[in-house]
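Quick note on labels: first sequence line is chain A, next is B, and so on, each numbered from 1.
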Protein chains: 2
Amino acid sequence: MGLTKSEIFSEKQNRIAGMAKVLGHPARVAILQHLIKVQECICGDLVGEIGLSQPTISQHLREMKNIGLLKGNIDGNSVCYCIDENTYQEMRSAFEELLGHSVGGACC
Amino acid sequence: MGLTKSEIFSEKQNRIAGMAKVLGHPARVAILQHLIKVQECICGDLVGEIGLSQPTISQHLREMKNIGLLKGNIDGNSVCYCIDENTYQEMRSAFEELLGHSVGGACC
DNA sequence: TATCTTTATCGTAATATTGCAATGAACGAA
DNA sequence: TTCGTTCATTGCAATATTACGATAAAGATA
């Protein structure tokens, strides 16, 4: 079937999964790391930096924009990308909340 | 082509992506949250708790075991699952490192 | 032994993702 | 206007993921 049954999960669970999914590809991790380092850049920079084709980078950028992690600002004939601080902090909080527990499993 | 070009990324980037990917499905988020709450449980508990079929839950559990997030301990004819504390902490550290920066983008 | 319970695996179908060539759109420069 | 630059979109092929019925494997129970 291949169709995720989102309706049986909470909004929050679906949101966390969506944010994690966007980090679930090394190209998007690399894009985020590069943007953390240089704060802002254009698509062409990332094509040179990462080594995937321009359409592929563009597609990854769109997915990152779709969940709100990136913003793009048109500047002449190029587009300046940077991280959306709100979503970036939302992700930090969500993962910290999910991963900040004590987990001493007794059985294993 | 559908084949991720892992070889052009660093070990660390691929590892982060792999850990994120496992949280990139709401069922696996729900499994992790349940295990955080109850510390340990068997597969059948999760089937009742989450509402997916037993083979589907088993498949998700396997992916979580594959990256080391879960451990399973055979106990009679059932399997007791719990969180692997080391990987859980590794994930916390990795995401904290990735998401703990200052990101004031100037262009957007 | 026969049966029940519990979990894993196989097989399959449907959908999703990844990647890129080709093309289009929009701006700047000559 | 014409050409070059930059990025998005389209279209396609290949691989990956999601989900579950059927079945197998293995310990528990009668």
Checklist entry - Where does the angle between the aromatic ring planes of H60(B) and H25(B) fall among parallel (under 30°), tilted (30 to 60°) and perpendicular (over 60°)? => result tilted

Next on the checklist: With rounding to the nearest 0.5 angstrom, report the CG to CD distance, D45(A) to E40(A).
Outcome noted: 10.0 Å

Checklist entry - Out of curiosity, H101(A) NE2 to Q39(B) CD, how far, rounded to the nearest 0.5 Å? => result 10.5 Å

Do any side-chain atoms of residues 11-18 of chain B form donor-acceptor pairs under 3.5 angstrom with protein atoms, and if so which ones, sequence neighbours left out?
| residue | atom | partner | partner atom | Å |
| --- | --- | --- | --- | --- |
| K12(B) | NZ | E97(B) | OE2 | 2.9 |
| Q13(B) | OE1 | S10(B) | N | 3.0 |
| Q13(B) | OE1 | S10(B) | OG | 3.4 |
| Q13(B) | NE2 | Q33(A) | OE1 | 2.8 |
| N14(B) | ND2 | S6(B) | O | 3.0 |
| N14(B) | ND2 | S10(B) | O | 3.2 |
| R15(B) | NE | E90(B) | OE2 | 2.9 |
| R15(B) | NH1 | I67(B) | O | 3.4 |
| R15(B) | NH2 | I67(B) | O | 3.3 |
| R15(B) | NH2 | E90(B) | OE1 | 2.8 |

Next on the checklist: Give me the atom names and distance for the closest heavy-atom approach of N73(B) to C107(A).
Outcome noted: ND2-O, 2.9 Å

Checklist entry - Between G68(A) and D84(A), what is the shortest heavy-atom contact and its length? => result O-CB, 3.1 Å

Round to a whole Å and report the spacing from [atom1] of [X] to [atom2] of [N].
X      : N       : atom1 : atom2 : answer
I42(A) : dC27(C) : CD1   : P     : 16 Å
I74(B) : dG27(D) : CD1   : C1'   : 10 Å
K21(B) : dT18(C) : NZ    : P     : 7 Å
N14(A) : dT18(D) : CG    : C1'   : 14 Å
D45(B) : dT5(C)  : CG    : P     : 16 Å
E40(A) : dC7(D)  : CD    : P     : 13 Å
D75(A) : dT5(D)  : CG    : P     : 18 Å
N77(B) : dA8(C)  : CG    : C1'   : 13 Å

Next on the checklist: Does a side-chain N or O of Y81(A) approach OP1 or OP2 of dT6(D) to a distance below 4.0 Å, or not?
Outcome noted: no

Checklist entry - DNA chain C: L3(A) or R28(A), which has the more 5' nearest nucleotide? => result L3(A)

Checklist entry - So with a 6.0 Å cut-off around CD1 of I8(A), is the heavy-atom count from everything else above 12? => result yes

Item to check | Closest-nucleotide 5' rank along DNA chain D - winner of G76(B) and S6(A) | outcome: S6(A)

Next on the checklist: Can you list, in residue-number order, the parts of residues 51-66 of chain B that come under 4.0 Å of DNA chain D, counting heavy atoms only?
Outcome noted: L52(B), S53(B), P55(B), T56(B), Q59(B), H60(B), E63(B)

